[in-house]
Amino acid sequence: MTNLALTYSSDQAEAHDRISQMLRGAGVDLDEALLTPPQEGKQAVMAVVGKAGSGKTLLLAELYRALDEAGVDVVSGDYEGRKRPDRRTLAILAPTNKAASVLRLRGVPATTIHRILYTPVYHPEYEKIAEWLAGQGERPVIEGLTDLALDRALAFYQGQKSIPGALAAAGLRGSDFITGWKRREDPLDIGFVDEASMLDEKQLEDLQDIFPTLLLFGDPAQLAPVKSQGGMVFEKLPAPARLELHRIHRQDADNPILDLAHALADPALEFHDFERMVEQVAARDERVQWAQRVEVDLMARSPVLVWRNATRIRLINAFRAVHGAPETELLPGEPLICDGIELPLKHRKKRLDLEARGLIKGAQVVYLGPGRRPGFSRLHVVGAEDPQVSAASIIKIEKPDEEEPFIPFAANMGATFLHGAAVTIHKAQGSQWRAVQVFSPDIYAAARMGRSEAGQPLWKRLAYVAITRAEERLHWVVRNRLSKPSVPLGVDDLKSAPVPLKLEEEE
């Protein structure tokens, strides 16, 4: 612990020691960097809980580095090395691509739960490159790839630990080296799950089937999953298995956004008092904005966060109207939210492919343009390591005061999407954006209703979740007004690999 003393607070240090004890019981000794084979039938689940800024991500990252240094293999979801009897593995998971990408930006090789459930099948020739990069094989000789291309792949992998990213750096497309997807059959070993407040009981059961040793990281102040039976999965763990973090770490606690979020814990705080607090903070710190209108330029990549569905629909239609978007088609650059996949059971493989590429319910997507076949769209999946996808799409745009949505772009079946210029606060959980706009009139409507959730006023939970989605700037919008765009919609800001992963058009 001596090398971590300057980094950890006392509660983090205690949590680290308790987790180390759990891992030692599972055959992974972090202090001595010793690994022993896992024991059959031995299971352990523990949770690290704390509010935003309490240091959960820092603890997760330090534990990952300690396990990596001890020789535990990291399974990232994009490639899994050959099995060995004595091998110990770690997978770091999040419910959505956006949540996983937040961890990856901090140097933690996270992937989504779906990418662990569904694993890629590599072309045998290119699998040699993956084995070499993962340290399980010699440097290969591949027809059509130069030494310079392999050097580029190695340099990329050393920096980001992504096999698909490394192969893309060598000039390969995803369709060159991934030939399909399969459902995981064999269990893994150690699992870390971030944003565990989003898990429902069925997802936890699925994870326990795969990981004998499971560590959950979650925020008890967030909103419980819609499917939950009144709480979060870690709340049902016995007290010794729940480790609480209290001290604020993010940005040295000098963060007005976090100060506002934590102020909501005061049981005497009323909505009007909180709004005055926001206004006062905004007067002295530019990281909080007292906004008289919704900024339409931000909506293309950072949705307005609302509570009421009617508000969401009105804002989406206003966004499209000020951009001059025709009802009969989408403009490149319009944001979308995946609402699921509509495919019959006989097309299970297509569903698996789409979900493995990141098109899961709640995924944030940007429309790039029509595909080569009717009903297909080219899409950018926000936060995915291989973000560009071409897939059959059903895109629904809901209209105010109308029961049936307007569908400007539709296949007979495929991935379904809603517009993403505004989203509900529930759907925003697990995501973060540099700048976030929170529609205050909706929070006030929740306050007037007087509803509670898990013993706390609903408006406070909504405000907490919405505020903590902001990484750098919070816009507290107090009027039902919309600005005009200063720039047209476009996709030039999406500078990821330009080669689309053609999922279904190649059939």
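Just so it is clear, the values below take in all heavy atoms, side chains as well, and ignore hydrogens, waters and symmetry mates.
- For the atom pair OG (Ser393) and CZ (Arg378), the distance works out to 11.5 Å, reported to the nearest 0.5 Å.
- Not one N or O on the side chain of Ser452 forms a donor-acceptor pair closer than 3.5 Å with the backbone of Leu458.
- Atoms CG and CG, from Leu63 and Leu59 in turn, are 4.5 Å apart once rounded to the nearest 0.5 Å.
- Atoms CD and CG, on Gln158 and Leu133 in that order, are 9.0 Å from each other to the nearest 0.5 Å.
- We find the CD-CD distance between Gln208 and Glu201 to be 10.5 Å, quoted to the nearest 0.5 Å.
- The aromatic rings of His262 and Tyr464 lie perpendicular to each other, with more than 60° between the two planes, well past the 30° mark.
- Under the 4.5 Å side-chain criterion, counting only non-hydrogen atoms from C-beta, Leu215 is not in contact with Thr213.
- In this structure, the separation between CG on Leu216 and CD on Glu195 is 12.0 Å, given to the nearest 0.5 Å.
- The side-chain heavy atoms of Leu93 and Thr112, taken from C-beta on, include no pair separated by under 4.5 Å.
- Lys51 places no side-chain N or O within donor-acceptor distance of the main-chain N or O of His246, the cut-off being under 3.5 Å.
- For Asp339 and Thr416, the side-chain atoms include no donor-acceptor pair closer than 3.5 Å.
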Evaluation steps, side chain to side chain donor-acceptor pair (under 3.5 Å), between Thr89 and Asp73 = CA-CA 5 Å; Thr89 61; Asp73 290 342; over 6 Å; no
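- Paired with Phe417 under the rule side chain to side chain contact (heavy atoms under 4.5 Å, CB included), one option of Leu359, Ile337, Ile397, Leu330 passes, and it is Leu359.
- A side-chain donor-acceptor contact under 3.5 Å links His419 and Glu334.
- The closest donor-acceptor contact from the side chain of Gln203 to the backbone of Asp200 lies under 3.5 Å.
- For the residue pair Gln364 and Trp433, a side-chain donor N or O sits within less than 3.5 Å of a side-chain acceptor on the partner.
- In this structure, NZ on Lys427 lies 5.0 Å from CG on Leu418, to the nearest 0.5 angstrom.
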